[in-house]
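Whatever order the structure lists them in is the order used to number ligands and atoms, beginning at 1.
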Amino acid sequence: MRLKYTTSVLLGALSLGGIAACSGPADIDQTPLANQKVVPDYWPHIESEVKQSKDTETQVKKLLAGMTLEQKVAQLIQPEIRDISVADMRRYGFGSYLNGGGAFPDNNKHASVQDWIDLAEALYQASVDDSLDGSTIPTMWGTDAVHGHNNVIGATLFPHNIGLGAANNPQLIEKIADATAKEVAATGIDWIFAPTVAVTRDDRWGRTYEAYSEDPEIVRDYAYAIVKGLQGRDDNFLSQHKVLSTVKHFVGDGGTQGGDDQGNNLASEQELYEIHAQGYVGGLRAGAQSVMASFNSWHGKKLHGSEYLLTKVLKERMGFDGFVVGDWNGHGQISGCSNDNCPAAINAGLDVFMVPTNAWKPLLENTVNQVREGVIPLSRLNDAVSRVLRVKLRAGLFNKPSPANRPLAGDSTLIGHPEHRQIARQAVRASLVLLKNKGQLLPLDPNQHILVAGDGADNIGKQSGGWTITWQGTGNKNTDFPGGTSIYGGISEAVNAAGGKAELSVDGSFSQTPDVAIVVFGEEPYAEGNGDLANLEYQRGNKRDLALLRKLKQQNIPVVSVFLSGRPMWVNPELNASDAFVAAWLPGSEGQGVADVLLADNEGNIRYDFNGKLSFSWPATPEQATVNIGDDDYQPLLPYGFGLRYGEKNILSDTLDESVDADSSELEPLALLENAIRAPWSMSIGTAQNQTAVTSAVMTAGPVKMRTMDRFVQEDARSIIFDGSASGQVRIGAPFPQDLRSYLERSGALSMDILVQNKPTKAVILGMDCGPDCGAGVDITEQLQSMPADKWQTLSIGLACFRDAQELAGVFSPFILTSKGTASLSLSKISIRPDVESPSIKCGNPGP
Ligand code: BGC
Ligand code: BGC
């Protein structure tokens, strides 16, 4: 597509509202509660089913006695595969390493099983090579296989935890964990950062779907089952078909104020135990060998620095004898700490630093010095190392063959194995919750003409949610899921077999009136804080899916809604516009499970009944984010445990209250990059003629190199390098145009934060695109050149400067950065904002 740039005159000066570099929110005041020294009686001792053995303890002591200080500290350092080389491993002998969400061998999203094995083998061999560091202690690899081995192409993707909670079936959970362990073992990986045992009390939290329930009971039982499934029972304990597990995130992650990710939990201590810690009761009893410290605070104190909770409660009272691993640079958020310097975490009881980015090296050096200087007591270091060694011995790491030579290693048939897919399909069936079934519309006769509509119908990425190949679960296509099936795929298979007709039509149009429509729609994928919401209203301000449902209803077509979401949401208008409504959560790669339940057989017999029951209360208003079973004034739309079975009486009318607070019509900033690239936008890089969609965290296309980076939280910024070999271009755009006129009228601006690392050598133009021969651009070279190096600055450009883009009525790309020269800069917080009275670049905005 060609762009017409009219370079506008630059008016106004750059506002240098400098933003201090910051490693995260600082701790706020610590209350006496958190300082408390005596552990109350209700915290129990948990009798782990994995017992200490004399033999192991003797070996731990022996190993420890032979280690140098550097070797010991190396056991506590866990870097990430994007930041270390095999040579680093040989030189330092890290105790463990990880791949973050969406990190693959060689940054190749389509890495083969053999590529994973090769990397595991190379890093393992380097760890046991004592030529440089004198150590032969094997390293271990941890990964987030949180709904199947979700970073690996072709793996079985199980429903996310929220759906499994609705299934309420611990035996099924253990089977899922067993299958996941095998797929992970096939890639040479030793350890999984799961289960998440958060008990979500505020459904605005972006990690709600990682939790099984708002109620601690299911979480406690599941934690036990999944740990058994991952680590194995009895003779099978940590056998070569099994992996280590991590119960996470200790503790209180699901109970932060406002549902803020990484926020502050204000529960009383007893509630902390009775609600938020129940997963540890189940998980530790089952013998989980590691616990991950949480990003959240409790009464203002970050968990990573809480000696009380990590040491006194978890280790001393509960009796946990494995190790505590940190979360992604979580230690850097403790007040007084940074990513590369944090004795306070080790002193509080953290045993392993998860330290992605290049902070690992200074952190290692600083930690060594701090032990030398006595800032970290040697006894604490020895305890931490002993815990890591104990777990490694229990996992048989010293005796097992190297990763490439283990029994399941490299067996690509295990990845997406038919038996695993069967279990996943069963789990999909079991997780579906029927909320509405007017006139017993469901089950459907398969031998009819069924329209399958909605943008979730044939979209395996969307039905799988976050933590799916990429961290955010965005940027995937159906071809990224070999062996997987979309929901439409499953329906069409069953309907065709029965002699009916299934017609896919995302926008609901058709040539011949269908007998019934199944509309699959819901939330776009997200992970962690990027999923945090202000309230639970579905599609506030843009009810596109509701319009689709209504359009079908108006044509007298019965409508079955299949709702994909990571949490219960306020969907009263959508419920009213549906004859039947199914909460399908985030079912994963085996979409046939939906058809199994929705469609009867040819004789009209039910094939599978609905068994799913809400493990989260369903809200009656957008504001009911904290309605939980057991509340005094409990008035959800549908209670915890609700779920119709076939033949049961429908209870929801078509006239549920649809009113919302008036202020929802306010003009809110339109975020393009706010922590993540926000739906419906996506980013692409390359040249003006040849753009490549950004589908992973590190990418190069033509003259542009892009890498995600951490500013305030993980991956909230993008670092961009123009190499000058051709005219490079970075775009953020959407497939359909956005009308920005209301922002233009309200003195709007395109605003972003920029960090200039290498100043541009040629002109840098920021533009917008509104279709063929329609666009506008602003020269921002001077602003970039005058920015102080390595300091984040806010740059805002009045929308009036982009007027030539046809008054901004239909903008496909509101952000196009172009340069022929070299430059390296980082971007975060890109948005279109109303009411920017003095933008850095102003172009005679009319009006006030
Ligand atoms: C991201 C992190 C995130 C992690 C989760 C990574 O790719 O960079 O920010 O926490 O995935 O594993
Ligand atoms: C998440 C953890 C995850 C870790 C490693 C973090 O961002 O909070 O749940 O295990 O990344 O990927």
Side-chain angles (χ1 to χ4, degrees), residues 23-24 77-83 96-104 140-152 160-161 180 184 189-198 200 205-212 223 226 230 243-254 256 260-263 279 283 288-297 302-304 323-333 339 350 352-357 359-360 465-473 526-532 566 675-676 696-697 708-716:
S23 59
I77 300 287
Q78 179 180 89
E80 212 256 358
I81 58 169
R82 284 169 287 193
D83 306 300
S96 56
Y97 62 100
L98 87 151
N99 68 303
F104 326 100
M140 56 185 173
W141 182 346
T143 195
D144 293 288
V146 299
H147 65 138
H149 199 0
N150 45 251
N151 288 293
V152 176
H160 267 297
N161 289 350
T180 304
V184 169
I189 297 178
D190 310 279
W191 168 19
I192 297 182
F193 304 131
T196 294
V197 298
T200 302
W205 187 35
R207 306 189 81 156
T208 298
Y209 67 84
E210 294 188 55
Y212 302 112
I226 193 166
L230 294 174
V243 291
L244 290 161
S245 75
T246 299
V247 210
K248 73 185 188 185
H249 310 83
F250 190 79
V251 58
D253 47 356
T256 57
D260 286 345
D261 192 44
Q262 311 193 357
Q289 292 298 295
S290 67
V291 168
M292 190 181 291
S294 187
F295 277 125
N296 70 268
S297 308
K302 286 279 171 189
L303 256 294
H304 279 68
F323 63 84
V324 176
V325 61
D327 203 343
W328 193 272
N329 277 335
H331 56 274
Q333 297 189 16
N339 293 346
L350 191 87
V352 173
F353 287 113
M354 184 186 287
V355 56
T357 71
W360 63 263
W467 296 104
T468 295
I469 311 181
T470 60
W471 177 39
Q472 294 295 315
Y526 53 80
E528 303 189 42
N530 295 325
D532 286 0
N675 292 342
S696 66
T708 59
M709 62 175 274
D710 302 355
R711 183 184 176 198
F712 296 116
V713 294
Q714 311 98 297
E715 294 205 53
D716 59 347

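Taking any N or O of R207, backbone or side chain, at least one lies under 3.5 Å from an N or O belonging to ligand 2. Note: an N/O pair closer than 3.5 Å links D327 and ligand 2 by distance alone.
Contact annotation: for T246 versus ligand 2, there are no heavy atoms closer than 4.0 Å. For Q262, no heavy-atom contact with ligand 2 is shorter than 4.0 Å.
Ring centers of H304 and H331: at least 6.0 Å apart, outside the cut-off.
The side chain to side chain donor-acceptor pair (under 3.5 Å) search around N151 returns none, not counting sequence neighbours. With sequence neighbours excluded, the residues that form a salt bridge (Lys or Arg N to Asp or Glu O under 4.0 Å) with D190 are R406.
Applying the 4.0 Å criterion to heavy atoms of L98 picks out, from ligand 2, the atoms 5 (C), 12 (O). Ligand-side atoms of ligand 2 in range of H249: 2 (C), 8 (O), 9 (O), range being under 4.0 angstrom from any heavy atom. Taking a cut-off of under 4.0 Å to the non-hydrogen atoms of F193, the atoms of ligand 2 that pass are 10 (O).
Of all heavy-atom pairs spanning T180 and A145, the tightest one is CG2-CB, 3.9 Å. Shown here for Q472 and A527, the closest heavy-atom pair between the two residues is OE1-N, 2.8 Å. H160 and G465 make their closest contact through NE2-C, 4.3 Å (heavy atoms, listed as atom of the first residue, atom of the second, distance).
With T208 contributing its side chain and G206 its backbone, the two residues share no donor-acceptor pair below 3.5 Å. The backbone N or O of D261 sits less than 3.5 Å from a side-chain atom of D532, completing a donor-acceptor pair.
Comparing heavy-atom distances from atom 10 (O) of ligand 2 across V325, D144, V146 singles out D144 as nearest. Of the options Q714, E715, K248, the smallest heavy-atom separation from atom 7 (O) of ligand 2 is shown by Q714.
Residue contact annotation: E210 has no non-hydrogen atom under 4.0 Å from ligand 2. Ligand 2 is never approached by W471 to a heavy-atom distance shorter than 4.0 Å.
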